[in-house]
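This is the structure I want to talk about, given as structure tokens.
Just so we're clear, the structure is a prediction, and the values are computed from it rather than from any experiment.
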Amino acid sequence: MRHLPDPGVRPLTDAGVEVVHQAEDRPASREELLELASGAQGLLTFLSDRVDGELFEAAPSLRVVSNLAVGYDNVDLEAAARHGVIVTNTPGVLTETTADMAWALMLGAARRVIEGDRWVRSGEWPGWGPSQLLGRTVHGRTLGIFGMGSIGRAVARRASGFGMDVLYHNRRRDLVGEAATCARYVSFGELLEQSDFLCLTAPLTDETHHAIDADALAQMRPDAVLVNVGRGPLIDEAALVHALADRRIAAAGLDVFEREPELADGLAGLENAVLVPHLGSATHQTRADMVRLCCDNLIAVLRGRDPLTPVDPTGPAGRAM
Ligand code: 8YV
């Protein structure tokens, strides 16, 4: 559906797979997606493509959907299973890169990097002053992680360099993660109350939808910084705008939004929000690794072999797992 970064579709064509794609680099409309899928045996999809029962009905030859993301909340797994279609994702290759982005947002929001950049560029910065753009201390504080999957663990590991205490909340305790990161399991309420930095790395499921709503925001510390590199709908974005505007929490760093590319009313005008356009995995190297894995999954299934990274149809959706 979209133009892919290097290596593009070369691994597919090198393997003798016939590739049909949309001429323009933009999200496919629903009609275009159904049309492209109708004659295909494999589909390479993006988080903006809804892959559901209607699509499987329209694509009787389809054998595999290879989603260019670790999250797969855009795919109806039950419908895929009913139609005998294998779904694959791209776990592992983007873990560390997405964790780096979580830290960029934490540091950027806490230390007011974007506000500072704007001020310097405006030509109105009068030179150093003792009270200018005071931010929040990061080192030595408490980091809370909601969703201790591979990305949550990678975020937690980085915290040791900052001398932080790490807390986490998950569907279930992660003893391996605890041993690797010194993170401590707490209830969701304790996570909200005790975190100076709260980082969301959970997948989007019915359970995690709007986990951070007005009530949750009210339980957070007034000087807390909220970071989301999971999925936008983990947060009730309208409630977050109110909390940030009223300084009920200090700041937020968001890589994902509830209705991408739209923003909740008022979000764009808030100085205490750092907003990044879903760049979690967006480095040259990581995107190349994702594209290669996506293509290898397609080739494997089309050649009658097992896919490298199939999605477990009974597992949770989302980026963090
Ligand atoms: C992707 C992501 O870049 O993997 C995911 O789930 O959110 C990102 O790493 C994005 O989904 C683009 O496909």
Side-chain angles (χ1 to χ4, degrees), residues 1-29 32-33 35-37 40-51 55 64-75 86-105 108 149-151 154-155 201 203-204 228-232 253-257 260-261 274-303 307-311 317-321:
M1 258 56 74
R2 307 291 302 258
H3 292 187
L4 295 171
D6 262 353
V9 295
R10 226 177 320 115
L12 293 170
T13 51
D14 286 353
V17 175
E18 187 194 340
V19 179
V20 181
H21 60 77
Q22 188 172 263
E24 292 166 54
D25 186 17
R26 57 171 171 76
S29 70
E32 287 165 336
L33 176 61
E35 170 66 25
L36 274 167
Q41 292 173 297
L43 264 189
L44 197 159
T45 53
F46 306 94
L47 80 165
S48 46
D49 300 319
R50 187 160 43 82
V51 179
L55 182 140
V64 52
V65 170
S66 179
N67 210 38
L68 188 87
V70 66
Y72 45 86
D73 45 276
N74 57 312
V75 182
I86 292 171
V87 179
T88 65
N89 66 342
T90 59
V93 290
L94 48 74
T95 302
E96 302 296 331
T97 301
T98 306
D100 289 345
M101 177 56 83
W103 274 89
L105 289 170
S150 52
I151 297 173
V155 172
T201 48
L204 176 62
N228 190 4
V229 292
R231 281 289 180 266
L254 307 176
D255 182 39
V256 287
F257 303 90
E260 296 176 13
V274 174
L275 311 177
V276 170
H278 204 140
L279 295 180
S281 63
T283 70
H284 291 288
Q285 184 193 324
T286 296
R287 281 290 158 81
D289 291 344
M290 290 167 71
V291 168
R292 240 178 260 115
L293 181 54
C294 243
C295 292
D296 288 346
N297 274 316
L298 284 168
I299 294 163
V301 177
L302 296 178
R303 294 283 170 268
L308 286 77
T309 51
V311 165
R319 188 193 241 191
M321 296 291 146

If we only count heavy atoms from C-beta on, is the T88 to V311 side-chain gap below 4.5 Å?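 Counting from C-beta outward, T88 and V311 never come under 4.5 Å.
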
Looking at every non-hydrogen atom in both residues, tell me the closest pair between G230 and V256 and how far apart they are. O-CG1, 3.7 Å

Using a 3.5 Å distance criterion without hydrogens, assess whether the side chain of D296 forms a donor-acceptor pair with backbone atoms of A300. no

Kindly indicate, with the supporting measurements, whether the criterion side chain to side chain contact (heavy atoms under 4.5 Å, CB included) is fulfilled by E35 and L33. CA-CA 5 Å; E35 170 66 25; L33 176 61; over 6 Å; no

Could you tell me if the side chain of V65 sits less than 4.5 Å from the side chain of I86, heavy atoms only? no

T286 side chain to T283 main-chain N or O, any donor-acceptor pair under 3.5 Å?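 The answer is no, because no donor-acceptor pair under 3.5 Å joins these two groups.
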
Ignoring hydrogens and angles, tell me if any N or O in the side chain of D289 forms a donor-acceptor pair with the backbone of V93 under 3.5 Å. no

In sequence, state the C-alpha distance, the side-chain angles, and the governing distance for N67 and N74, and then conclude on side-chain hydrogen bond (donor to acceptor under 3.5 Å, both in side chains). CA-CA 9 Å; N67 210 38; N74 57 312; 3.0 Å; yes

Does the side chain to side chain contact (heavy atoms under 4.5 Å, CB included) test come out yes or no for L4 and L44, once each step is laid out? CA-CA 10 Å; L4 295 171; L44 197 159; 4.0 Å; yes

Point-to-point distance, once rounded to the nearest 0.5 Å, from CZ of R303 to CG of L298: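 The CG atom of L298 is 11.0 Å from CZ of R303, to the nearest 0.5 Å.
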
What is the distance from atom CG of D255 to atom CZ of R231, rounded to the nearest 0.5 Å?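 Reported to 0.5 Å precision, the distance equals 9.5 Å.
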
Keeping H3 on the side-chain end and R26 on the backbone end, is there a donor-acceptor pair under 3.5 Å? no

Which value, rounded to the nearest 0.5 Å, describes the distance between L55 atom CG and D49 atom CG? 8.5 Å

Which pair of non-hydrogen atoms, one from P307 and one from V301, has the smallest distance, and what is that distance? CB-CG2, 3.8 Å

More than 12 heavy atoms of other residues, nucleotides or ligands under 6.0 Å from CD of Q22: yes or no? yes

Would you kindly say whether N297 and T309 are connected by a side-chain donor-acceptor distance under 3.5 Å? yes

Do any N or O atoms from the side chain of E96 and from the backbone of D100 form a donor-acceptor pair under 3.5 angstrom?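 No: the side chain of E96 does not pair with the backbone of D100.
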
G8 backbone acceptor or donor facing D6 side chain under 3.5 Å: no

Between CG of N228 and CG of L105, what distance do you get to the nearest 0.5 Å? 9.0 Å

Any chance you could lay out the side chain to side chain contact (heavy atoms under 4.5 Å, CB included) test for V64 and L302, step after step, and finish with the verdict? CA-CA 8 Å; V64 52; L302 296 178; 4.1 Å; yes

Distance col, row I151:CD1 vs T98:OG1, nearest 0.5 angstrom, shows 4.5 Å

Does the T97 side chain pair with the main chain of L94, one donor and one acceptor, at a distance under 3.5 Å?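 Flag not set: sc T97 to bb L94 has no pair under 3.5 Å.
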
Do you know which two heavy atoms are closest between N89 and L293, and how far apart they sit? O-CD2, 4.2 Å

Which heavy atom of T90 sits nearest to which heavy atom of C294, and what is that distance? CG2-SG, 4.1 Å

Between R10 and P7, is there a side-chain heavy-atom distance shorter than 4.5 Å? yes

Are M1 and H21 close enough that some pair of their side-chain heavy atoms sits under 4.5 Å apart?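 SC-SC contact between M1 and H21 ruled out.
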
pair M290-S281: side-chain heavy atoms closer than 4.5 Å: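 Heavy-atom side-chain distance check passes, below 4.5 Å.
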
Give the intermediate values and the outcome of side chain to side chain contact (heavy atoms under 4.5 Å, CB included) for residues S66 and T45. CA-CA 6 Å; S66 179; T45 53; over 6 Å; no

From CA spacing to verdict: salt bridge (charged side-chain N to carboxylate O under 4.0 Å, His left out), E24, R2: CA-CA 7 Å; E24 292 166 54; R2 307 291 302 258; over 6 Å; no

